[in-house]
Amino acid sequence: MLESLLPQLDRLFDYRIPERLAPDARPGVRVKVPLRSAGRMTSGYIVEVTAHADFSGTLSELEEVVSAVPVLTPEVWALARSVADRAAGNASDVVRLAVPPRQVRVEKAFVARRAKAAEAAATAAVVAAAGNTESPESADPSGDTPNRTPIAGYGDNVIETALYRRARLSITAIPTVRQTSAGEWVGAWAETMAAMAAFTLGLGRSSILVVPDYRDQDQLETALRAHVDDADIARLDARQTNPERYAHFLSCLEERPRIIIGNRSVVYAPAFELGLIALWDDGDPLHDEPLSPYVSSRDVALIRQAQSGSALAFVSHSRSSEVQRLVELGFVDDVPQNPKFLPNVIPTSAQVSGDAFAQSARIPSSAWMAARKALETGPVLIQVARPGYAPVLACASCTNPAHCLVCDGPLRTQSKNSPPSCVLCGAIAAQWQCRHCEGTTFRLIGQGSARTAEELGRAFPATRIIVSDGTRSLTDVSEAPALVIATRGAEPVAAGGYHAVLLLDGERMLARESLTVAEDCLRWWSNAIALAAPRAPAIIVGVGGELARTLVTWQQNRFASDELADRRRLRFPPAVRVATVKGTPEAVAGAVKELHDSVHGEDSAKIDVLGPVPDEDDFVRSIVRFDYSVGQVVAATLRAAVIRNATSRRKIPGRPANFRPPPSLRVRFDDTEILD
DNA sequence: AGCACGCCGACT
DNA sequence: GTCGGCGTGCTC
């Protein structure tokens with residue numbers, strides 16, 4: 001496999017292995033090979049070693065084995081190929097996500113340590129043979145390992161049995177916090193996932209646990225350390241330096257079961273005897289890969305599960321419509337939580353309290369009183385939509401929104417005494433003048449986390465105020481009374497759970513324009529509510545209707561089912577898949593025609609094309625919607641069109657001799673934002 | 001990408 | 001009759 005970005009080189013090439021390289025030339029190792037003419041080298045990976053080449057011409061010789069460590073295992077290669085095929089992308093792009101950059105020092109240390117271990121094992125084997133001792137114990141195939149903690153909150157052994165059967169599961173997380181055996185507090189979901197991984201480890205198998213961000217990862221790691229030895233955990237995440245990441249990656253290649261945790265790219269980690277892939281909160285957009293070919297970790301997990309035969313679990317408080325679809329198909333099994341501790345959710349319409357602060361923050365009196373009461377005994381969580389002080393500024397005289405004089409972007413205030421600055425370019429609006437009425441003074445609109453904190457501080461003078469937002473986010477707070485103001489997604493875990501949770505900016509959060517607003521809001525709110533102590537009030541302000549009813553009854557699965565039904569009616573994802581086709585008008589028209597040619601007969605109803613509409617640079621854009629059943633044909637057809645356009649690109653007349661136009665056809669599958 | 005091959009216009 | 005322009009296509 002060549003490390004090339006060119007779609008026309010995204011296939012296997014055969015090379016002859018010279019005698020001197022034969023010992024190291026095994027599948028998975030990094031190599032350098034000649035391509036096209038002498039002296040030009042490309043790097044790549046050996047995928048297969050065979051006695052007879054498929055290629056009929058004369059073979060070039062392998063130039064160099066860069067390192068003897070087989071970093072691209074056959075399983076991961078097969079996964080990369082399937083993922084690329086599904087999204088009409090390059091396998092080498094996927095491999096780049098799967099295999100971190102090589103770090104020579106780290107790799108040498110790994111090789112040396114491994115050689116030493118192998119030597120020690122050989123000596124031990126000799127001693128064992130001489131002494132005729134018992135053979136080393138292997139994992140008990142019958143399943144139940146002694147001393148493990150049961151996975152609580154679900155039916156007896158329901159999850160254990162499912163893991164043993166290697167089932168695919170949608171698990172409704174338990175909406176509260178739990179204390180680990182080491183005394184630390186984490187979301188119950190983390191405890192559940194840790195117990196699942198520990199059980200799988202007891203079966204002698206590895207787990208891959210995928211979380212959206214490092215705050216979730218920290219909780220999961222805390223929970224895991226209470227179940228297993230630290231040496232059984234391997235981490236792969238964006239916070240690590242390159243050497244750290246490579247060291248942990250290499251440790252996954254060892255032939256012993258591990259628990260591998262990290263963000264979305266960890267789904268590609270090599271794993272010894274993979275027994276479980278589990279995703280926390282698969283609806284979080286951080287599971288969507290922003291690099292080509294843009295395949296989300298949910299889809300990668302589904303492909304990997306099919307190839308490895310491992311168990312698969314989607315764990316969340318509110319089920320994504322994608323997983324709902326899989327449940328309705330019968331492909332994934334529903335594991336409901338034991339409804340013993342449902343959260344105490346109270347929706348409140350905007351019946352504003354008489355208190356001065358409550359009025360300015362539009363907090364209803366009942367919520368205000370609940371917060372005041374809860375503060376006597378423990379921490380209270382206040383969820384707001386935005387960070388900063390005043391997220392929006394307007395002209396004080398004409399009330400029109402204020403804009404940056406440099407780039408015309410919107411203005412905001414970061415903290416109380418900081419001058420207004422531009423959201424986009426950061427310029428400080430010094431000599432600002434309104435473009436509508438020549439006014440020169442601002443009016444602050446809305447409350448960001450900092451302004452909410454300041455005003456709450458005034459209302460509760462003796463209370464500790466803690467702010468957790470995008471710029472400064474906390475992972476946990478103590479059980480002492482405090483007001484914790486957090487932007488959605490940045491809520492810290494409180495020891496013992498919050499004594500009250502207030503969700504303030506519901507209306508504003510719902511005002512965002514997106515196909516998935518309702519689903520996203522439900523997820524943000526459910527996740528915050530799940531941080532409450534048992535029976536503590538969770539008050540949601542200014543949200544009514546189906547969403548409020550869903551939270552009160554804690555029936556997110558039914559909401560997901562309704563949501564999916566709506567998408568079916570509209571023929572929107574995930575009821576169907578989508579692909580964007582972008583390029584010159586001729587290239588797009590050609591690709592669309594080929595699609596109609598290859599999806600024909602009774603299948604033709606399974607595909608429809610929206611557009612083309614004009615895009616930037618004389619390009620046009622079409623959106624193809626298609627049923628999952630024709631996904632392979634659609635991907636293969638569009639892939640062929642991309643390759644053809646890359647191979648024979650026409651020169652534009654009247655341009656400089658060496659001018660190369662951009663690729664005249666680009667394809668992107670399953671972009672969740674295109675129909676917003 | 002980047003290089004070789006080939007087909008057509010201008011030249012000793 | 002050949003030299004070299006650049007468009008077209010291939011890379012094991």
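This one's a predicted model, so the numbers in the text were calculated from it and none came from an experiment. Heavy atoms only: backbone and side chains are in, while hydrogens, waters and symmetry mates are out.
Here the C1' atom of nucleotide C/dC10 and the CD1 atom of A/Ile643 are 13 Å apart, to the nearest Å. One interatomic measurement links the two molecules: CG of A/Asn645 to C1' of C/dG9, which rounds to 14 Å at whole-angstrom precision. Spacing between atom CG of A/Asp54 and atom P of C/dC12 amounts to 15 Å, rounded to whole angstrom units. Note: CG (A/Leu6) to P (B/dC3) measures 14 Å, nearest angstrom. Protein atom CG of A/Leu2 is 9 Å distant from nucleotide atom P of C/dC12, rounded to whole Å. Remark: C1' of C/dT11 and CD of A/Glu3 are 17 Å apart, rounded to the nearest angstrom. If you take CE of A/Met41 and P of B/dC3, they are 14 Å apart, rounded to a whole angstrom. Atom CD of A/Gln8 is separated from atom P of B/dA1 by 8 Å (rounded to the nearest Å).
The closest side-chain donor-acceptor pair between A/His287 and A/Ser296, if any, does not fall under 3.5 angstrom. Judged by distance alone, the side chains of A/Glu3 and A/Ser43 do bring a donor and an acceptor atom under 3.5 Å apart.
Taking a 6.0 Å sphere around CD of A/Glu61, one finds it holds more than 12 heavy atoms contributed by other residues, nucleotides or ligands. Other residues, nucleotides and ligands place no more than 12 heavy atoms under 6.0 Å from the CZ atom of A/Arg472. Residue A/Asp618 places its CG atom among 12 or fewer non-hydrogen atoms of other residues, nucleotides or ligands, all under 6.0 Å distant.
Listed by first then second residue, pairs satisfying salt bridge (Lys or Arg N to Asp or Glu O under 4.0 Å) with a partner in residues 102-113 of chain A read A/Arg102-A/Glu107, A/Arg113-A/Glu254, not counting sequence neighbours.
For the segment residues 9-19 of chain A, residues with any heavy atom less than 4.0 angstrom from an atom of DNA chain C are, sorted by number, A/Leu9, A/Arg11, A/Phe13, A/Asp14, A/Tyr15.
Residue A/Arg40 has its side chain nearest to B/dA1 when only B/dA1, C/dC12, C/dC10 are considered.
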